[in-house]
Amino acid sequence: MSDSSGSVILDLIGLSLSDEERELLQHPHVGGVILFTRNFESTTQLADLCRDIRACRSAPILIAVDQEGGRVQRFREGFTRLPAMGDVGQLYAQSAKEGLRLAEAAGFVMAAELRATGVDLSFAPVLDLDRQWNTVIGDRSFGRDSSTVSVLAEALMRGMQAAGMAATGKHFPGHGGVRLDSHLTLPIDSRSFSAILQEDMQPFIQLMKAGLDALMPAHILFPEVDSYPVGFSRHWLRDILRDTYHFSGSVFSDDLNMAGAEFAGSYSARAEMALEAGCDMVLICNNRAGAIEILDKLPEKYKLPIAKLNRLTGRFSHDLTSLQAGDVWREKVDLLTQYRMIYDSN
């Protein structure tokens, strides 16, 4: 087996693999798959899909999803409904102890249920500050205050890691200072580095100290810091993230199909620029032609060491039936259900 894997994460069209997808998954540039709601029908179907994905290759492959909670929860039927992180932040404002319990429970339940169906990674937690400017972030954030976001995100991360899942902080160095949606355009944040450092970067710094496994940079331009958007900037990813803050985890690009990535040119140019800047893996979603272009044109040199990929895949898994019969899962689900009833009634 090779000591390296591909650096491209692809999406899938439906509930099962097509013949084209089976072929694409064997491409040497492929290192992962990201799943969406369209890929989910039931926990049994999801487990079968994950097994089928792995059976396509001899090399390890990362299977990921966005299962943050609230409005960003791709899998629902058969999974515990997770609170929006903004609701967790509201509880924390009333009772720090209960807010931390809820955050840790959400992280554990989310990660354990995904691991039990074969999914390695949920891209969470969101570390952006909610200044109530950006509806794309909104209640995906724990709140406005950087210290609140830090402590709640660390509790969520502890729960995820206890269930065997790596945690990915997003969207470095913070998406909360812009009003525009990077899915639709390239937002520009004109603040100085010192202003960004003082608030927005603090949750990232604190979680890196606490053992954060991975980061996802934002498709945002900070012209006072660098002339390139963060996910394509050597200064942000190498000079600041790696050299100044000594982050040794993995860096995922945000989706290269987003409008915030268009400045870099073709899809293959976007992928190469992101990897050259310091990303370890790049995501290309909802654009099969763009994905094929990247696979066809990306230089061979962009590989991810298997050791690094193995740190992102699930550290251990759970049997779903045994998990749901266990006292730990039941206790944490009861806690989530209790607070969901409160927020649903408000």
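Just so it is clear, the structure is predicted and the values come from calculations on it, not from any experiment.
Contact annotation: the side chain of Val151 never approaches that of Phe142 to less than 4.5 Å [non-hydrogen atoms, C-beta and beyond]. His27 has its side chain out of reach of Val8: every pair of non-hydrogen atoms, C-beta onward, lies at least 4.5 Å apart. Between Gln202 and Val149 the shortest side-chain heavy-atom distance does not fall below 4.5 Å. Considering only heavy atoms from C-beta on, Val282 stays 4.5 Å or farther from Leu298 through its side chain. The side-chain heavy atoms of Met157 and Glu104, taken from C-beta on, include no pair separated by under 4.5 Å. Residues Thr80 and Lys332 form no side-chain contact, since every pair of their non-hydrogen atoms from C-beta on lies 4.5 Å or further apart. Side-chain contact between Asp296 and Ser268 is absent, with no heavy-atom pair separated by less than 4.5 Å. Within the 4.5 Å cutoff, no side-chain heavy atoms of Arg270 are placed close to those of Glu293.
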Worksheet item: Can you check side chain to side chain donor-acceptor pair (under 3.5 Å) on Ser192 and Ser194, steps first, answer last?
Response: CA-CA 5 Å; Ser192 66; Ser194 61; 3.0 Å; yes

Worksheet item: Which is it for Asn287 and Asn257 under the side chain to side chain donor-acceptor pair (under 3.5 Å) test, yes or no, and what are the steps along the way?
Response: CA-CA 7 Å; Asn287 188 329; Asn257 194 44; 3.0 Å; yes

Practice prompt. Begin with the C-alpha distance, continue with both residues' side-chain angles, and end with the deciding distance and a verdict on salt bridge (charged side-chain N to carboxylate O under 4.0 Å, His left out) for Glu21 and Arg288.
Written response: CA-CA 10 Å; Glu21 287 167 344; Arg288 180 57 55 81; 2.9 Å; yes

Practice prompt. Could you give me the CA-CA distance, side-chain angles and deciding distance for Asp66 and Lys170, then say whether salt bridge (charged side-chain N to carboxylate O under 4.0 Å, His left out) is met?
Written response: CA-CA 11 Å; Asp66 288 312; Lys170 59 187 187 185; 3.0 Å; yes

Worksheet item: Would Ser250 and Lys308 count as a side chain to side chain contact (heavy atoms under 4.5 Å, CB included) if you check the C-alpha gap in whole Å, the side-chain angles of each, and the deciding distance to 0.1 Å?
Response: CA-CA 7 Å; Ser250 296; Lys308 202 162 194 176; 3.4 Å; yes

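In this structure, Tyr245 has its ring center no closer than 6.0 Å to that of Phe204. In this structure, the ring of Phe123 has its center less than 6.0 angstrom from the ring center of Phe252.
Hydrophobic clustering (side-chain heavy atoms under 4.5 Å, transitive across Ile, Leu, Val, Met, Phe, Trp, Tyr) keeps Tyr267 apart from Leu186. Taking hydrophobic clusters as Ile, Leu, Val, Met, Phe, Trp and Tyr residues chained together by side-chain heavy-atom distances below 4.5 Å, Ile292 shares a cluster with Ile61. Val126 and Met160 fall into different hydrophobic clusters, defined by Ile, Leu, Val, Met, Phe, Trp and Tyr side-chain heavy atoms under 4.5 Å apart, directly or through other members. Cluster annotation: Met258 is not connected to Ile137 through the hydrophobic network of ILVMFWY side chains, with a link wherever side-chain heavy atoms come within less than 4.5 Å. Leu241 and Ile205 fall within a single hydrophobic cluster, where Ile, Leu, Val, Met, Phe, Trp and Tyr are joined by side-chain heavy atoms under 4.5 Å apart, directly or via other members.
Looking at residues two or more places apart in sequence or on another chain, you find a side-chain hydrogen bond (donor to acceptor under 3.5 Å, both in side chains) between Arg54 and Asp120.
In terms of modelled atom types and a separation under 3.5 Å, the side chain of Lys303 and the main chain of Pro28 share a donor-acceptor contact. Put simply, the side chain of His318 never gets that close to the backbone of Gln324: no donor and acceptor are under 3.5 Å apart.
Residue Asp334 qualifies as enclosed at atom CG: its count of foreign heavy atoms under 6.0 Å is above 12. Around CG of Asp327, the count of heavy atoms belonging to other residues, nucleotides or ligands within 6.0 Å does not exceed 12. Other residues, nucleotides and ligands contribute at most 12 non-hydrogen atoms within 6.0 Å of the CD atom of Gln132. Atom CD of Gln26 has more than 12 heavy atoms from other residues, nucleotides or ligands within 6.0 Å. More than 12 heavy atoms of other residues, nucleotides or ligands lie within 6.0 Å of OH in Tyr302, so this atom counts as buried by the packing criterion. With a 6.0 Å radius and a threshold of 12 heavy atoms from other residues, nucleotides or ligands, Arg74 has its CZ atom above the threshold.
A salt bridge links Arg71 with Asp139: at least one charged nitrogen is closer than 4.0 Å to a carboxylate oxygen.
Between Val119 and Leu46, the shortest heavy-atom contact is CG2-CD2, 4.2 Å. Nearest heavy-atom pair across Met85 and Pro83 is CE-O, 2.9 Å. The two residues Ser150 and Pro203 have their closest heavy-atom pair at OG-CA, 3.2 Å. Nearest heavy atoms, Gln45 versus Asn39: NE2-O, 2.9 Å. Residues Ala259 and Thr185 share a closest heavy-atom pair of CB-N, 3.5 Å. A pairwise comparison of heavy atoms in Leu82 and Gly69 identifies CB-CA, 3.6 Å as the closest pair.
Between His171 and His175, the ring-plane angle classifies as perpendicular under the 30° and 60° cut-offs. Ring geometry, Phe79 versus Phe40: the interplanar angle exceeds 60°, so the pair is classed perpendicular (tilted spans 30 to 60°).
For the pairing with Ile34, the side-chain contact (heavy atoms from CB on, under 4.5 Å) check across Leu283, Ile63, Val65 returns one residue only, Leu283.
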